[in-house]
Structures are given as structure tokens and as C-alpha cells.
Amino acid sequence: MTISNDIDNIKLLLRTVKDPEIPVLSLDDMGIIRDVKSNKDQVIIDVCPTYNGCPAIDVIPGLIKQTLHDAGYKNVQVNQVLSPAWTSDWISQEGREKLKAYGIAPPLENCATDDELFSDIQAVACPLCGSEDTKCISKFGSTPCKAQYKCNTCQEPFEYFKCH
Amino acid sequence: MQKQLIKYVQRLGDNALILGQRLGEWCGHGPVLEQDIALTNIALDTLGQARLYFQYVAELKGENQTEDDVAFLREEREYTNLLLLEQKNKDWAYTLVRQFLFDVFSFHNLKGLLESSDSTLKAIAARAIKEVKYHKKFSSEWMIRLGDGTDVSHKKVQTALNDLWIFTGEMFKPTEDEDLIAKMGIGTSCEEIQPLWDLEVNEILAEATLQRPDDTFMRYGGKKGQHSELMGFILADLQYMQRTYPGLQW
């Protein structure tokens, strides 16, 4: 097996590692795998955490190591990289579709750099009926990355993955 | 210089840690579910920020120090957080005003740190500012909602503002290490942050129909490790496990 094939294989395996808090997304969908390196004895993976206090930070390296270990990679090192800072814009298109199907509205794109205090953000579409007539009912939710919304059309409450 | 840099980064971490500890006290006690979740989420963010600062401090200190040593095994005098952040939660108004006054400061401080010549500080700031920006939106909205709300909510938030105002001066009075670190282009100058803070705070207070208290008397000390009597109680809670079971690990 050549080295490049090896890296492709590792990347395929990483696609099977799910985010512990949003299990429909893989770490790859989340955009937190920043680099994969491999030499004869060792696999080195750079991971960029999402929110600084996200409890998944300490769980993810273990999940990666376990998955690769089971596939025969015995020596795996997971590094935390801080820069550039993770942004929700890195969530893949496939990941956004998966979020929607799971009932979580995907993050709006390109608004993470907005400095305005009370700018009118674009409408967050309801993941259930698609209506854009929705209302934020809580800026915070069950995990650091989500807020609570309600759809005024179908009346269902739903979670929104915050733009970050 | 290394000594001053450690002091500087450690203070950033202490501010985040002590605010997070205070906010965490609300867990399960928020006035309504949404506010309970909001405060504990903010606490989680600040705790995460504190970890990054302390990991860096541990690295700078060397000698096998860990982030936990920095967080849990120092004496009261070695913590250098702002006096503002150790003040009691009291009620929703006090908690909110404390949050608002610090969020505005923290935002401009982190914005300055985005230009730091120290690559680690710069990286941490780029991550933290995303969270702090969101906290600031939350606390600013609430200042307006309560200030420009009912007679009762207006009175409560004005009282909290009057009481906590004496702790705001400390944010803008640099210590020796801050001065040096700012001159070297590593840290921010808190004197330069003051006009930005004034502008933004005044704007929100005006919209909230709140009266800005006079700057007649200010309390200092936290940044030099001279704390109020509240700090010992916070640390007793915070350090309990490590003091009772030294070296305890999860």
C-alpha cells in the first residue's frame, strides 16, 4: 500500500467517526479534521475544536484513536490546532443536508464575521416545513452550538445550529 | 519578559475562570429555563477559554505544570481576576449587569489581541471573540429589555448598575506587566480600550433608558491579587476536590 493510498484509507475511516453530540454528522462533515499525516509507524491527525468549552473536545481524540486502532493503526496521535479558528462555514454541504434531515436547521453561511450588535440576520428556514417565518425563542440551547427556534407556519419548535 | 507574559495570560484565564464559576452557580436556579441554559452555556464558553489560557500558562511555566495545576492549585493572592467578576450573582439584574459590563470590555480586549505578536494569544483570541461577541449580544439585549421594561425591572437593573459601577475602573487601570506586554505588541492597552467601552456602554444604557453612574470612586485590587472577602468562598468551592484528593484525575 502506498502512502497516499494509506491517507485516503484513513480519511475514509474518519468519515465513519460521528460527532458525539450530533451523531448524524461525521467529524469530516463538521470540518474539524484539518490535516492527516502518515508515515511508517505513526498517523498524526490535526483536529480544530469547535466551541472552546464543548465537552466533545476531550471525547473526540479517543473516538478517532479507537476507530483507527480497530482498523489496524496502532500508533495514532491527535493534535489540537487552534488556528485558524473553526467556523460553521466549514460544515460540508452534505453535512448541512444531514442536519436538516435530522431536524436541525443548518447554520447560515458567511455571517460569522458580522460585528454588528443587532443586525437583522437572514431568516432561518424551518427544517421541517421549509417556512422562513420563524422566530428565535432562546439564543442558547442543549449544546453550545445550538439555539432554539419556533416555526410560525407549522408551529413546531426546532434547533438551529448557530452561525459561528 | 517571560514572567510578565505568564502574569498577563494567567489574568486573562482568571477572568474567564472566575466569571464561569459564578455563572455556573446558576445551574438549576435560573429564573426561567431559557436563562438557566443561557448562563450555563456562557459559563461553558468561558471555562473553555480559561482552559486555553491555562494550557498556555502551563506551557510557559514548564516544569511539568498542567492546566489543572494553574486552575486549582494556586493561593488566593495568586489569582488576578477583576473584582467585578467575583461579585455575587445576587439576582438576575446583578448577574446580567456584571456580564454586560465585562462582555463589552472583553470584546474590545480580544479584538486588540487579534493583532498580538504572540501567535498563541492571537489564535486564542480569534476563537474566543466569536463566543464573546454572542454573549455581548445576549447581555446587551437584556439590558435594553429590562432597563426599558417595567418600573420594577428598570429599578432593579439601575440598582445593580449603581452598585457594580465602582468595579469598572479597574478594567482600565493597567498593571506593570500589562504596560510592558502592551508596549511589546503582545497585549492590549486597557487605557486605549476605555473610550471604545464608554462609547458602546453609553449607547446601550441610553437605549435602555438607564442612567450612567458617576465615576466618583473606584475599587481596585483584583488585578494585583488583592481580593474582596468573596474570593475565598469561590476558591473553597472551586478547589475543593483537588485540595481534598490531591492529584485526583477523572
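All heavy atoms count here, side chains included; hydrogens, waters and symmetry mates do not.
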Problem set entry | Main-chain N/O of A:Trp86 paired with B:Lys130 side-chain donor or acceptor, under 3.5 Å | yes
For this session: Using modelled atom types only, decide if a donor and an acceptor are shared between the side chain of B:Asp45 and the backbone of A:Asn52 within a distance under 3.5 Å.
Result: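 No: the side chain of B:Asp45 does not pair with the backbone of A:Asn52.
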Exercise. Is B:Glu141 salt-bridged to A:Lys139, cutoff N-O under 4.0 Å?
Worked result: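 So B:Glu141 pairs with A:Lys139 through a salt bridge.
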Taking side chain as everything from C-beta outward and backbone as N, CA, C, O, which of these in [X] sits under 4.5 Å from a heavy atom of chain A? Side chain, backbone, both or neither.
X	value
B:Glu203	neither
B:Leu52	side chain
B:Arg51	side chain

For this session: Could you pull out the closest heavy-atom pair between B:Arg127 and A:Leu82, with the gap in Å?
Result: CD-O, 3.6 Å
Seminar exercise, completed: On a heavy-atom basis, the closest approach of B:Leu44 and A:Pro55 is CD2-CD, 4.2 Å
Exercise. Any chance NZ of A:Lys146 has more than 12 other-residue heavy atoms, nucleotides or ligands included, within less than 6.0 Å?
Worked result: yes
Problem set entry | Structural part of A:Gln80 lying under 4.5 Å from a heavy atom of chain B |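 A:Gln80 touches chain B through side-chain heavy atoms alone.
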For this session: Select, from A:Ser83, A:Ser138, A:Pro49, A:Pro84, the one with the greatest count of heavy-atom pairs under 4.5 Å involving chain B.
Result: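 That would be A:Pro49.
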For this session: Please state whether the rings of A:Phe140 and B:His135 are parallel, tilted or perpendicular, taking 30° and 60° as the class boundaries.
Result: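 Answer is tilted, since the angle falls between 30° and 60°.
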